[in-house]
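Whatever order the structure lists ligands and atoms in, that order sets their numbers, starting from 1.
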Amino acid sequence: MSALAADVQQERLAAAVPELERLAARPLLEEIAALKRQRNAVVLAHNYQAPLIYHGVADFTGDSLALAQQAARSEAGVIVMAGVAFMAETAKLLNPQRTVLLPALEAGCSLAASITAADVRALRRRHPGTPVVSYVNTSAGVKAESDICCTSANALRIVESLGAPRVIFLPDRYLGHHVQQQTGIELVLWDGACEVHQRFSGAQLRGLRSGHPGLHIIAHPECPPDVLAEADFVGSTQGMVDHLARARPAQVALITECSMSDNVAAEFPDIRFTRPCNLCPHMRRITLENIRDALRDIRHEIVLPQAVMAPARQALERMLAVGRG
Ligand code: 13P
Ligand code: SF4
């Protein structure tokens, strides 16, 4: 979660990206830097972005919560979200005066696609009086039907902040299951899953451990329960980085989207990373070319229906008031 000094950023770019690739990308990187100055723009990049974007053009990197917090306080004229649609919508909801661009508008998320606003209304009818917590990996329309949002960094804290015996928690059944194991509050879950994290298995991790004695396994809570049971630490993508900084394990497997290991390896040259690789196809839709095009033409702007803006913002602001877990 950082805005780094230019020399540190250059060092990390050199560590993360082979020289030939860096040289080939240099004209685009320079063009983007010039456009950012011209447009008074910032690029916020999720931890899953490719290393050239993460180290080469981002002004700020982090998990969903950190990007939302940064977007809310940004004074830039233009915010470019190097991430997926729900992240760009969140930025727009939290700072509606800014122009928010998503370089590839079709960059979605299997969790956000798993539930609609009408589904939330139906859940409320089935469970009258039960508050609704929605993961930020949802559309603005779903957020507008929710009492409060959460991210993987604060889900337990948000659920417990409500003081209710029963909570509707949507849409990630695995994150919901993980929270359920840590609280006495009864959770009503939805059947959504992340198409990237659901592919990991406990058997795969046991195989990794047997090939790498002493391996420290860090998993994202969107993984299935048998994966989380094998993990030494479970946390959001930023929680993973903070844990590495504290624990400094010698050899690590990050059980999450695989660009994350490439990005953080440049920050922790003393840690060896074992890289089981599942890529998020939605995150991969963001490229240097479409970041340049978005900035040059101010295109792919996030525009949300007026009717959802106020209630969706309220659900996000309630989450920000509770903070990180
Ligand atoms: P984080 O909030 O932990 O960065 O997770 C976002 C995400 O999409 C994970 O798949
Ligand atoms: Fe959505 Fe999964 Fe991709 Fe994250 S990794 S954006 S949860 S599909």
Against heavy atoms of [X], which atoms of ligand 2 measure under 4.0 Å?
| X | value |
| --- | --- |
| Leu111 | 7 (S) |
| Asn137 | 7 (S) |
| Val196 | 5 (S) |

- request: Would you tell me whether Cys109 and Cys194 have their SG atoms within less than 2.5 Å of each other?
  value: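 No, Cys109 does not link to Cys194 through a disulfide.
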Give the residue and atom name of whichever protein heavy atom lies nearest to [atom], and the separation in Å to one decimal.
| atom | result |
| --- | --- |
| atom 1 (Fe) of ligand 2 | Cys109 SG, 2.4 Å |
| atom 3 (Fe) of ligand 2 | Cys280 SG, 2.4 Å |
| atom 4 (Fe) of ligand 2 | Tyr48 CE1, 4.0 Å |
| atom 5 (O) of ligand 1 | His220 NE2, 3.3 Å |

So, are [X] and [Y] salt-bridged, with charged N and O less than 4.0 Å apart?
| X | Y | value |
| --- | --- | --- |
| Arg209 | Asp232 | yes |
| Asp147 | Arg124 | yes |
| Glu230 | Arg206 | yes |
| Arg296 | Glu289 | no |

- prompt: Hey, what's the ring geometry for His197 with Tyr48, parallel, tilted or perpendicular (30° and 60° as the breaks)?
  reply: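 Geometry flag for Tyr48 against His197: tilted rings.
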task: Could you check Met87, Glu89, Lys92 and say which one makes a side chain to side chain contact (heavy atoms under 4.5 Å, CB included) with Met81?
output: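 That would be Met87.
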Which atoms of ligand 1 have any heavy atom of [X] under 4.0 Å away?
| X | answer |
| --- | --- |
| Tyr48 | 7 (C), 9 (C), 10 (O) |
| His197 | 10 (O) |
| Asp63 | 1 (P), 2 (O), 4 (O) |

message: Nearest 0.5 Å, please: how far is OH in Tyr54 from CG in Asn263?
response: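 Separation between the atoms: 5.5 Å.
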query: Any N/O of Ser236 closer than 3.5 Å to an N/O of ligand 1?
result: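 No, there is no polar N/O contact under 3.5 Å.
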query: N/O of Thr237 under 3.5 Å from N/O of ligand 1, yes or no?
result: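 Between Thr237 and ligand 1 (N or O atoms, distance only) the closest approach is under 3.5 Å.
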Among [options], whose heavy atom sits nearest [atom]?
| atom | options | answer |
| --- | --- | --- |
| atom 8 (S) of ligand 2 | Ala107, Gly108, Ser110 | Ser110 |
| atom 7 (C) of ligand 1 | Glu222, Glu195, Met283 | Glu222 |
| atom 3 (O) of ligand 1 | Gly235, Ser152, Ser64 | Ser152 |

Any [X] heavy atom less than 4.0 Å to ligand 1:
| X | value |
| --- | --- |
| His46 | yes |
| Cys194 | no |
| Asn137 | yes |

- request: Would you check if Ile53 and Thr287 make a side-chain contact, meaning some heavy-atom pair closer than 4.5 Å?
  value: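 Heavy-atom side-chain distance check fails, nothing below 4.5 Å.
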query: So which bit of Glu222 gets within less than 4.0 Å of ligand 2, heavy atoms only: side chain, backbone, both or neither?
result: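 The part of Glu222 near ligand 2 is the side chain, not the backbone.
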Does the side chain of [X] pick up a donor-acceptor pair with the side chain of [Y] at under 3.5 Å?
| X | Y | value |
| --- | --- | --- |
| His216 | His243 | yes |
| Asp63 | Thr237 | no |
| Thr183 | Glu160 | yes |

- request: Give a yes or no on whether Cys194 keeps an N, O or S atom under 2.8 Å from atom 2 (Fe) of ligand 2.
  value: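 Given the 2.8 Å cut-off, Cys194 counts as a ligand of atom 2 (Fe) of ligand 2.
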